[in-house]
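Since the structure comes first, as structure tokens, the remarks are kept for the end.
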2 protein chains.
Amino acid sequence: MPRPKKQHITIRDVAKTAGVSPITASRALQNSELVRPATREKVAQAAKDLAYIPNFAAGTLSSDISRIVAVIVPNMSNSIFADTLQSIANSLRPAGYNLLIGSNDYSLDLEQDLVRTFLSRRVDALVLTGHLHSEETKSLIRGSGVPTVEMWSITDDPLGVSVGISNYDAAFAMTRHLLDQGHRRIGFIGGLLENNDRTQSRLRGYHEALEQAGIEFDTSLVRHEDFDFDRGSMAMRNLLSENGRIDAVFAASDVLALGALLECLRQNLKVPDDIAVSGFDDARIASIMNPALTTIGIPRESIGKKIAEVILQMIRGDEPEQKIFDMGFTLIERGST
Amino acid sequence: MPRPKKQHITIRDVAKTAGVSPITASRALQNSELVRPATREKVAQAAKDLAYIPNFAAGTLSSDISRIVAVIVPNMSNSIFADTLQSIANSLRPAGYNLLIGSNDYSLDLEQDLVRTFLSRRVDALVLTGHLHSEETKSLIRGSGVPTVEMWSITDDPLGVSVGISNYDAAFAMTRHLLDQGHRRIGFIGGLLENNDRTQSRLRGYHEALEQAGIEFDTSLVRHEDFDFDRGSMAMRNLLSENGRIDAVFAASDVLALGALLECLRQNLKVPDDIAVSGFDDARIASIMNPALTTIGIPRESIGKKIAEVILQMIRGDEPEQKIFDMGFTLIERGST
DNA sequence: AACCATAATGGTACCGATACCATTTTAGCG
DNA sequence: CGCTAAAATGGTATCGGTACCATTATGGTT
């Protein structure tokens, strides 16, 4: 035993000083309707006097309820995910839930490990990013019966409930927008495709919008990079040097788009006259850039809120009214296109 | 009971099919050196066959070890905090720890609530941001004996261990840098002072650097805003309209600095010729902006790593070699000054 | 082959809260 | 005032691991 074993104050101690039974003390501290206000008062006072700190582990073991919700995101550094985490946390806090957060760095194996640990911790609900998971992960979750939400992208066949937007539609709309502006040679800078259904769908949206406009899909105009400003710049530099004649770029992430936009400016290209640039996500800085970035607005806040709402429903045992919540996107037209 | 009670597979089931006692099974699954490899194998196989999922709550109750570390940050949206969270999580994962994350939105009361809950969850360690806490929070932590790290700012008298940088020194150095460049009327845009020791120290650093240079501290050149690009722009607009003659601005956060920088550009001011702008944090986008932002580099990665390292030590029961880890900052000179 | 130190293993109790069912108290009513 | 239904409260077992101490195998030594 590393640290000296501590003798904690238990609910029995509280019960004793309050002159009630442990179970009554328990109920009083849970604000159960079953105990008389006067009793509740007594117990609360005793707890305070003794500086009682409950032991959730004992409660969880006994009730199989942990009041923990686990969320797995690819990473926390990307502000898009961070915002959603924040929103989920805020919406869940009033109900007494804490957030256990894991990042999988786009690895399905890591995700699987995380899911396994979280299930061991008897989390009350699980939130995953996207709908690409290992078979093992899926069967673990199904077998556990833990309420599960897949977020960001929507899928016809969610593990539990899906809350997000149609990345395909959004990318299609943005490409359409660029086409409508008269652009014909439109580059694409997206994230890495592997294990990232958002990027995959966005690429498809771009691809099919082009095809429907009768423009051939040209691989030499497509780049895939890690989500990093630098990478966006690099990809842009690369596209420009190898394809002098592109007149627009759709970057399927604002991080990449801003990198690309700044690279254009650095090369003294006029945006949007010489080249139009559009992004995806509506990162906070997108709106104050010069020129401001045309992008896809995603209701991050509402997504987080909806996730929290659905989770609480499912934990309560209610079936949510839908399996798929399409929270909708907005094409935000700004100066860069 | 909301969901139908589930009959879980327990370690006793595993032990039975492996033909050993529960305690041996437990040890085998912990990879204890005490069990023979052959036995470990048997148990592992049984666990796999039964799709055994351990119950950490039971383990925690019994051993008083949760393998959870709780971190409290003001918010997760700020990429600075997000990066540190990521780094702590990455460094702690190999040791089997998960992160319970709470945000207090700069409220000491909220922080206190979070600390109380986290202690109830018997977290193995606690990481707080800064060293401003309610008395109640401090006594809760002291009473619990939980290893605690205060991060970001360093303080002479930490609750446990302090890992961060001297915000005062960094702000002093940056102000000095602006002075060295010949600037005399230097504006300051910082975060809100309330419950934010980082902002407080940075303001002091700015203030005292001016004084030592024989320049009077002028309140009309100081602005305090929420950390938001918009707010940075707003503050800048405001400073410029009310003080035509300022020749530099030190924004004590890159979010604010970038907002300010972009506002200057929008007003067709030449940066740094007409006005110099510097920041704090070295946000990722700072380096690719045009002009790139002069700022204070903070070793976020190393801070996270060091925190994890110290935590593991303390959990092991070892005293860390120091109480205060000053991880150092770098003044990164770029085009904006 | 006997012996001993060490390595492996096992039995039982316990961590601290809550579930479950039983019991007591309270309040409403004729 | 007695009776009954409903409201409060209590006793005891239990959740599923691991601590603690005891016991049994194992292997090396002379």
Side-chain angles (χ1 to χ4, degrees), chain A residues 1-16 18-43 46-47 50 52-68 96 117 119-122 124 144, chain B residues 1-16 18-43 46-47 50 52-68 96 117 119-122 124 144:
Chain A
M1 175 119 323
R3 281 174 288 147
K5 195 194 297 188
K6 294 209 55 140
Q7 194 56 44
H8 293 120
I9 289 168
T10 78
I11 201 166
R12 268 167 253 267
D13 300 322
V14 174
K16 200 172 295 172
V20 299
S21 74
I23 182 66
T24 300
S26 171
R27 284 194 275 248
L29 294 173
Q30 308 297 325
N31 281 315
S32 160
E33 295 305 318
L34 283 174
V35 317
R36 187 165 15 169
T39 313
R40 197 175 312 172
E41 206 65 27
K42 266 194 309 183
V43 174
L50 297 176
Y52 169 66
I53 294 181
N55 186 330
F56 282 21
T60 300
L61 176 58
S62 171
S63 66
D64 223 24
I65 290 171
S66 62
R67 289 197 173 272
I68 290 183
T117 328
L119 292 179
S120 281
R121 296 197 185 278
R122 295 292 188 270
D124 291 342
S144 73
Chain B
M1 174 122 320
R3 282 174 287 149
K5 197 195 296 190
K6 295 209 56 139
Q7 194 58 43
H8 293 121
I9 289 169
T10 78
I11 202 166
R12 271 167 249 267
D13 300 321
V14 174
K16 201 173 294 173
V20 298
S21 73
I23 182 65
T24 300
S26 170
R27 285 194 275 247
L29 293 172
Q30 308 297 325
N31 281 313
S32 158
E33 295 305 318
L34 284 174
V35 316
R36 188 162 20 168
T39 312
R40 198 175 310 173
E41 207 64 27
K42 266 195 309 183
V43 174
L50 297 176
Y52 168 65
I53 293 181
N55 185 329
F56 283 20
T60 299
L61 176 58
S62 171
S63 65
D64 222 23
I65 291 172
S66 62
R67 290 198 171 271
I68 291 183
T117 328
L119 291 179
S120 282
R121 297 197 184 279
R122 294 292 187 270
D124 291 342
S144 72

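From a predicted model like this one, the values you see are computed outputs, not experimental measurements. Naming: A, B, ... by sequence-line order, numbering from 1 per chain.
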> Between the side chain of B:R121 and the main-chain N/O of A:S66, is any donor-acceptor distance below 3.5 Å?
Replying inline: yes
> To the nearest Å, how far apart are B:R27 CZ and C:dG11 P?
Replying inline: 12 Å
> What integer distance in Å separates A:D64:CG from D:dG16:C1'?
Replying inline: 11 Å
> Does the C:dG16 base have a donor-acceptor partner in the side chain of A:T10 within less than 3.5 Å?
Replying inline: no
>> At less than 4.0 Å, is any side-chain N or O atom of A:S21 found next to OP1 or OP2 of D:dG10? Yes or no.
In response: yes
> What's the closest nucleotide to the A:V35 side chain, out of D:dT9, C:dA17, D:dG17?
Replying inline: D:dT9
> In whole Å, what is the span from the CG atom of A:L61 to the P atom of D:dT14?
Replying inline: 13 Å
> Which is true for A:T39 with a 4.0 Å heavy-atom rule: it touches a base, it touches only sugar-phosphate, or it touches nothing?
Replying inline: sugar-phosphate
>> Please report the distance, rounded to the nearest Å, between CG in A:N55 and P in C:dG16.
In response: 7 Å
>> How many whole angstroms separate atom CG of B:D13 from atom P of D:dC15?
In response: 11 Å
> Nearest to the side chain of B:L34, which nucleotide is it out of C:dT9, D:dG17, C:dG16?
Replying inline: C:dT9
> Does OP1 or OP2 of C:dC15 have a side-chain N or O of A:H8 closer than 4.0 Å?
Replying inline: no
>> Do B:N55 and B:T10 have side chains that approach each other closer than 4.5 Å (heavy atoms only, starting at C-beta)?
In response: no
>> Rounding to an integer number of Å, can you tell me how far B:K42 NZ sits from C:dA8 P?
In response: 13 Å
> Of all the choices, C:dG16, C:dT9, D:dG11, which nucleotide is nearest to the side chain of B:R36 once you look at every atom?
Replying inline: C:dT9
> Whole-Å distance between D:dG16 P and B:I65 CD1?
Replying inline: 21 Å
> For A:Y52 and C:dA17, is the shortest distance between a side-chain N/O and OP1 or OP2 below 4.0 Å?
Replying inline: yes
> Atom CD1 of B:I23 to atom C1' of D:dA22: distance rounded to whole Å?
Replying inline: 13 Å
>> Donor-acceptor pair, distance only, cut-off 3.5 Å: does the side chain of A:T60 make one with the backbone of A:I65?
In response: yes
> For A:R12 and A:V20, take the nucleotide of DNA chain D holding the closest heavy atom to each; which residue's nucleotide lies nearer the 5' end?
Replying inline: A:V20
>> Do A:I68 and A:F56 make a side-chain contact, defined as non-hydrogen atoms from C-beta onward lying under 4.5 Å apart?
In response: no
> Is there side-chain contact between B:D64 and A:H8, with at least one heavy-atom pair below 4.5 Å?
Replying inline: yes
